[in-house]
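Below: the structure, in structure tokens.
Hydrogens, waters and symmetry mates play no part in the numbers below; they use all other heavy atoms, side chains included.
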Amino acid sequence: MSVKLVVVGGVAGGASTVTRARRLNEDAEIILIERGEYVSFANCGLPYYVGNEIKNRDDLQVTTVEFLRDRFNIDVRVFNEVVDIDRGRKEVTVKDLRKDSTYTESYDKLVLCPGGQPIRPPLEGIDLDTVFTLWTIPDSDTIKSYIEEHEPESAVIIGGGFIGLEMAENLMGLGLEVTIVEMLDQVMPPLDKEMASIVHSHIIDQGCHLCLSDAVKGFFKKDGKTVVTTQSGAEIECDMVILSIGVRPNNELAHKAGLEIGERGGIKTNTRMQTSDPDIYAAGDVVEVTDFVSGTPAMIPLAGPANKQGRIVADNIFGRDSEYKGTQGSSVVKVFDMTVALTGNNEKSLQRTKMPYLVSYTESSSHASYYPGSKILNFKLLFAPEDGRILGAQIVGMEGADKRIDVIATAIRAGMTVFDLEELELAYAPPYSSAKDPVNIAGFVASNILRKDVDNIHWNEVDSVDKESQVLLDVRDDDEVRDQASLGDSVHIPLNQLRKRLGELDRSKTYVIYCAMGQRGYIAYRIMIQNGFKCRNLSGGYNIYEARQGREWASKSQEVNL
């Protein structure tokens, strides 16, 4: 099968397409056109190169022009930009950026992988020489050169997403004082607020300033400093600024060619990655995908899906029926010493699509608690009330979050339920896990809810408890109550004393039981419900309530001190 394949853009989607295409067809003419210098590089590694965690710049190149030419016989053209598509003539117009000339190239099949680019809103002063974005290897070169030449002492990072948080850690590792300014009331928008609040506390504990719910207004220079102004009227002086406020798809070429564009700005494709023109395919950050959980359109720019889409494109072009079944957004980010991992839908997404769901919270040790060094994993699981199908999960902890989120991601892809999580046989040895892995524990707790072994109340409902008919019951130990705050006017009876002291409680009231993490509250619930009491258990215990409510003062205090 002799096919002339032209691929626009490299990095993940484009490079995967051409290499898979060559493995499937030795006779095809394959041309890869890339407007930049680097045909495929590790975007995700750039913050760590800036921070000197990655020492060798060449390590950022996933593949090179020479490698693609020599091993795969690909005609690679860097510093060439496709500027127009003539769908009727099946040819593209290409500008050679080094020669400042244009030429046309015909195609049988065309693949669009132009990716995305960082958003740079038209703010006052955004073009100052101290305001940077980080998206390409040349961007990282520019930032590193500035740091080496000017030895900045402080930086402001605009945006608390993946790159913003990674840059905060790496710049602080270089000795800079760092402030994160985020327009939303939380960092990491894919997290739900109470889980993000755990991250807020950790960021602040590391000495990083955090300014939430405040949008940037502009930038100006004053006495050798760059001043960041915000909508609240704050003025933050610094030596450099990193913009990390999101990515938009490079859809101009597709739009100009009359291809169908989705409501979120991405190119619309079918499950075979074909656009509205059957001879044109698309992959990577420029594509509007289907959310695997909800089935709704979404823009989820991640490297893993882009690589898989490129492979699927090549399959379908060369006669193999291959289908892309959606993106579930599995991701992980290192935030100083903390790991934040998530997959599937969060509460915000489920509410937006009106999908019914239930929530459970668990806190489990990363490995056997008696083996030195175990850390707590905060685990939030979202699941369908009718059958327990897993809809999403978020895990925040110091270690072990990544491997647990991968188990949940696999379970979601397989259509598994929380009842299946109970039965999973996962590897155990004291340095690595517990006999009941945190994934099993999450399954037990969620299954208890569905079996109606417990009636839960959540952190955001506690403050609206009717004090006339409901009583807060604290079953933590005496030393915990001394060391921590309590929820309002709580009755305190340690769990181990509860059976003997049931006579002190009023059977006409409903008791809202809480402990630190929820497990003892559940045991107390089972004791009381079988003794004729009406009660509910605070899911996740006092800790998850305090993470969202009691520690939120920390981020606000940082704002005041800016």
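- Remark: side-chain polar atoms of Asp139 are paired, donor with acceptor, to backbone N or O of Thr136 under 3.5 angstrom.
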What's the verdict on side chain to side chain contact (heavy atoms under 4.5 Å, CB included) for Glu480 and Tyr542, showing C-alpha distance, side-chain angles and the deciding distance? CA-CA 11 Å; Glu480 292 176 273; Tyr542 179 80; over 6 Å; no
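- Under the side-chain hydrogen bond (donor to acceptor under 3.5 Å, both in side chains) criterion, Ser490 pairs with Tyr514, not counting sequence neighbours.
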For Asp466 and Gln470: C-alpha separation, side-chain torsions, deciding distance, then whether side chain to side chain donor-acceptor pair (under 3.5 Å) applies. CA-CA 6 Å; Asp466 179 7; Gln470 301 183 66; 5.5 Å; no
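- Residues Val471 and Asp506 have side chains not in contact (no heavy-atom distance under 4.5 Å, counting atoms from C-beta outward).
- Note that CD1 of Ile544 and OH of Tyr361 are 5.5 Å apart. Values are rounded to the nearest 0.5 Å.
- For Gln530, the CD atom counts as densely surrounded, since its 6.0 Å shell holds more than 12 non-hydrogen atoms of other residues, nucleotides or ligands.
- The 12-atom threshold is not exceeded at NZ of Lys375, counting heavy atoms of other residues, nucleotides or ligands nearer than 6.0 Å.
- Listed by first and then second residue, the side chain to side chain donor-acceptor pair (under 3.5 Å) pairs involving residues 388-408 are Asp192-Gln394, Ser366-Glu399, His367-Glu399, Arg404-Ser433, Arg404-Asp437 (not counting sequence neighbours).
- Between Tyr324 and Thr269, every side-chain heavy-atom pair lies at or beyond the 4.5 Å cut-off.
- For Met172, the CE atom is densely surrounded, since the number of other residues' heavy atoms within 6.0 Å is greater than 12.
- At least one donor-acceptor pair under 3.5 Å links the side chain of Asn170 to the backbone N or O of Glu166.
- For the pair Thr230 (side chain) and Ala234 (backbone), a donor-acceptor distance under 3.5 Å is present.
- Rounding to the nearest 0.5 Å places CG of Asp291 at 5.0 Å from CD1 of Ile300.
- With sequence neighbours excluded, the residues forming a salt bridge (charged side-chain N to carboxylate O under 4.0 Å, His left out) with Asp321 are Arg272, listed by chain and number.
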Side-chain donor/acceptor pairs under 3.5 Å, residues 416-423, sequence neighbours excluded:
residue	atom	partner	partner atom	Å
Thr417	OG1	Phe419	N	3.2
Thr417	OG1	Asp420	N	3.4
Thr417	OG1	Asp420	OD2	3.3
Asp420	OD2	Thr417	N	2.8
Glu422	OE1	Ser447	OG	3.3
Glu422	OE1	Arg451	NH1	3.4
Glu422	OE1	Arg451	NH2	2.8
Glu422	OE2	Arg451	NH1	3.1

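- Residues satisfying the side chain to side chain contact (heavy atoms under 4.5 Å, CB included) test with Gln328, not counting sequence neighbours, are Phe292, Ser330, Thr343, Ala409, Ile412, Arg413.
- Asp214 places a side-chain N or O within donor-acceptor distance of the main-chain N or O of Ser232, the cut-off being under 3.5 Å.
- Residues passing the ring pair (Phe, Tyr, Trp, His ring centres under 6.0 Å) test with Phe219: none are found, sequence neighbours excluded.
- A search for side chain to side chain contact (heavy atoms under 4.5 Å, CB included) contacts involving Val445 returns Ser360, Thr362, Ile441, not counting sequence neighbours.
- Scanning both residues, Ala298 and Arg264, for their nearest heavy atoms gives CA-CD, 3.8 Å.
- Judged by distance alone, the side chain of Ser276 and the main-chain N or O of Glu260 form a donor-acceptor pair under 3.5 Å.
- From Ser201, atom OG reaches atom CE of Met338 across 8.0 Å, with rounding to the nearest 0.5 Å.
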Please evaluate residues Ser16 and Asn307 with respect to the criterion side chain to side chain donor-acceptor pair (under 3.5 Å), reporting the C-alpha separation (whole Å), side-chain torsions for both, the decisive distance (0.1 Å), and the verdict. CA-CA 6 Å; Ser16 293; Asn307 277 282; 2.6 Å; yes
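- For the side-chain hydrogen bond (donor to acceptor under 3.5 Å, both in side chains) test, residues two or more places apart in sequence or in another chain that qualify with Ser486 are Arg476.
- Within a 6.0 Å sphere centred on CG of Asp489, other residues, nucleotides and ligands contribute 12 heavy atoms or fewer.
- More than 12 heavy atoms of other residues, nucleotides or ligands sit less than 6.0 Å from atom CD of Glu386.
- Closest of all the heavy-atom pairs between Ala393 and Ile408 is CB-CG2, 3.6 Å.
- The distance from atom NE2 of His200 to atom SG of Cys208, rounded to the nearest 0.5 Å, is 11.0 Å.
- Qualifying salt bridge (charged side-chain N to carboxylate O under 4.0 Å, His left out) partners for Asp277, counting only residues two or more places apart in sequence or in other chains: Arg87.
- For the salt bridge (charged side-chain N to carboxylate O under 4.0 Å, His left out) condition, the pairs that include at least one residue of residues 323-350, sequence neighbours left out, are Glu169-Lys334, Glu347-Lys380.
- Remark: Tyr357 OH is packed, more than 12 non-hydrogen atoms of other residues, nucleotides or ligands lying under 6.0 Å away.
- What you find for Val293 and Met355 is that their closest heavy atoms are O-CE, 4.0 Å.
- Looking only at distances, a side-chain donor or acceptor of Gln186 sits under 3.5 Å from a matching main-chain atom of Leu191.
- Applying the side chain to side chain donor-acceptor pair (under 3.5 Å) definition to pairs two or more places apart or across chains, those involving residues 243-253 are Gln117-Asn250, Arg248-Glu252.
- Other residues, nucleotides and ligands contribute more than 12 heavy atoms inside 6.0 Å of the CD atom of Gln351.
- Counting heavy atoms from C-beta on, the side chains of Asp453 and Tyr522 come closer than 4.5 Å.
- For the salt bridge (charged side-chain N to carboxylate O under 4.0 Å, His left out) condition, the pairs that include at least one residue of residues 113-122, sequence neighbours left out, are Arg120-Asp127.
- Note that CD1 of Ile163 is 10.5 Å distant from CD1 of Ile242, once rounded to the nearest 0.5 Å.
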Please lay out, stage by stage, how Leu538 and Leu487 fare under the test side chain to side chain contact (heavy atoms under 4.5 Å, CB included). CA-CA 11 Å; Leu538 176 58; Leu487 297 179; 3.9 Å; yes
Hey, mind stepping through Lys193 and Asn460 against side chain to side chain contact (heavy atoms under 4.5 Å, CB included) and telling me if it holds? CA-CA 11 Å; Lys193 289 180 181 179; Asn460 56 337; over 6 Å; no
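- Ala306 and Gly284 get closest at one heavy-atom pair: CB-CA, 3.7 Å.
- Rounding to the nearest 0.5 angstrom, the gap separating the CD1 atom in Ile261 from the NZ atom in Lys268 is 10.0 Å.
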Please report the C-alpha distance between Val340 and Met195 in whole Å, then the side-chain angles of each, then the deciding distance to 0.1 Å, and finally whether the side chain to side chain contact (heavy atoms under 4.5 Å, CB included) criterion is met. CA-CA 9 Å; Val340 178; Met195 301 300 283; over 6 Å; no
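- The two residues Ile180 and Ala168 come nearest to each other via the heavy atoms CD1-CB, 3.8 Å.
- Between Asp185 and Leu212, the shortest heavy-atom distance links the atoms O-CD1, 3.6 Å.
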